[in-house]
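Hydrogens, waters and symmetry mates are skipped; everything else that's a heavy atom, side chains included, is used.
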Amino acid sequence: GSTFQYLLVQKTGAQKNVGLIQLNRPQALNALCEGLMAELRRALEAMESDPQVGAIVLTGSQKAFAGKVRPLPTPKFWGRRESWCPSLLLFAAGADIKEMQSKTFQECYNGAFLGGWDKVSVVRKPIIAAVNGYALGGGCELAMMCDIIYAGEKAQFGQPEILLGTIPGAGGTQRLTRAVGKSLAMEMVLTGDRISA
């Protein structure tokens, strides 16, 4: 099996037919760096080609805020408690701004920056985003690429790119409009405000 630096990947459920991909970059609040996204593409390709996997759950890392907030109760999912991962505190805080800040427009344009981010939206098996914390910027876009978003009580979604003087770059403006309607999408994108589940 493949080893991953930024992900925890396993098959779970009574029949081991649910692929579980957990973002695991807690020191950076699961910021979506190029390495993490390359690993995510690799993990998704492996699960898509695995005939045993019927669905995929994409979630965040519980270690991001370890010890600061008490864990939430584990939700029952598909009727089996043991087939679910623990309630998590962070999905993804967004794209890795430190990694992006030194890139020029030409580097981004010529290097197909964000080019492989859409892998989540083209996988043929259903992908469920399990969010119970922050899904901001690229993290919100990643969640919206999934077929279903399972949002916990603590889930917060937002497109705060405007606060950095830019706009969502991985399909967020289009997907957000379809998900929440034009008015709320415009408010979120133009103010950087977050919404809860």
Side-chain angles (χ1 to χ4, degrees), residues 21-23 25-26 28-34 36-37 40-41 44 56-62 64-65 68-70 72-73 75 77 85 87-105 107-109 112-123 126-197:
I21 302 174
Q22 188 174 4
L23 306 179
R25 198 172 172 227
L29 303 179
N30 289 339
L32 304 173
C33 65
E34 289 180 16
L36 186 148
M37 294 308 290
L40 181 58
R41 284 190 298 278
L44 288 169
I56 302 164
V57 175
L58 178 61
T59 193
S61 173
Q62 156 178 50
F65 294 112
K68 296 195 177 192
V69 180
R70 69 176 177 78
L72 297 171
F77 190 62
C85 56
S87 292
L88 303 163
L89 300 175
L90 178 73
F91 186 70
D96 192 334
I97 302 302
K98 288 181 184 176
E99 183 180 80
M100 294 169 40
Q101 68 186 1
S102 63
K103 293 184 185 287
T104 66
F105 171 77
E107 288 172 320
C108 292
Y109 186 77
F113 183 66
L114 304 179
W117 277 48
D118 65 346
K119 179 62 181 172
V120 174
S121 63
V122 297
V123 170
I127 301 179
I128 300 161
V131 181
N132 197 29
Y134 294 111
L136 304 175
C140 184
E141 291 170 301
L142 183 61
M144 288 189 292
M145 288 179 205
C146 296
D147 299 299
I148 298 169
I149 299 175
Y150 183 78
E153 294 174 354
K154 306 274 186 199
Q156 294 275 320
F157 298 90
Q159 297 290 167
E161 291 88 342
I162 194 73
L163 304 175
L164 298 174
T166 187
I167 62 169
T173 54
Q174 297 86 3
R175 287 186 182 93
L176 189 61
T177 302
R178 288 192 293 263
V180 301
K182 180 185 175 209
S183 181
L184 183 54
M186 290 289 288
E187 180 180 341
M188 290 173 68
V189 169
L190 296 176
T191 65
D193 288 348
R194 296 187 303 242
I195 61 169
S196 63

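A donor-acceptor pair under 3.5 Å links the side-chain atoms of Gln22 to the main chain of Gly60, judged by distance alone. Between the side chain of Asn132 and the backbone N or O of Glu153, at least one donor-acceptor pair lies under 3.5 Å. A side-chain donor-acceptor contact under 3.5 Å links Asn30 to the backbone of Arg25.
The two residues Cys140 and Gly158 make their nearest non-hydrogen contact at CB-O, 3.4 Å. The two atoms that bring Gly138 and Glu161 nearest to each other are N-OE2, 4.0 Å, heavy atoms only. Between Leu176 and Gln159, the shortest heavy-atom contact is CD2-CG, 3.8 Å. Gly139 approaches Leu32 most closely through the heavy-atom pair N-CD1, 3.7 Å.
In this structure, the separation between CZ on Arg41 and CG on Leu36 is 10.0 Å, given to the nearest 0.5 Å. Taken to the nearest 0.5 Å, the CD1 atom of Ile162 stands 11.5 Å off from the CG atom of Asp193. Rounded to the nearest 0.5 Å, atoms OG1 (Thr177) and CG (Leu184) are 9.5 Å apart. Between atom CD1 of residue Ile149 and atom CG of residue Leu58 there is a gap of 10.5 Å, rounded to the nearest 0.5 Å.
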side-chain contact (heavy atoms from CB on, under 4.5 Å) evaluation trace for Leu142 with Leu40: CA-CA 11 Å; Leu142 183 61; Leu40 181 58; 3.9 Å; yes
Working for side-chain contact (heavy atoms from CB on, under 4.5 Å), residues Val131 and Phe157: CA-CA 9 Å; Val131 181; Phe157 298 90; 3.9 Å; yes
Residues Arg175, Glu141; criterion side-chain contact (heavy atoms from CB on, under 4.5 Å); working and verdict: CA-CA 8 Å; Arg175 287 186 182 93; Glu141 291 170 301; 5.7 Å; no
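When each of Thr59, Leu44, Val57 is paired with Ile21, the side-chain contact (heavy atoms from CB on, under 4.5 Å) condition holds for Leu44 and for no other.
In this view, Leu190 and Met186 satisfy the side chain to side chain contact (heavy atoms under 4.5 Å, CB included) rule, not counting sequence neighbours.
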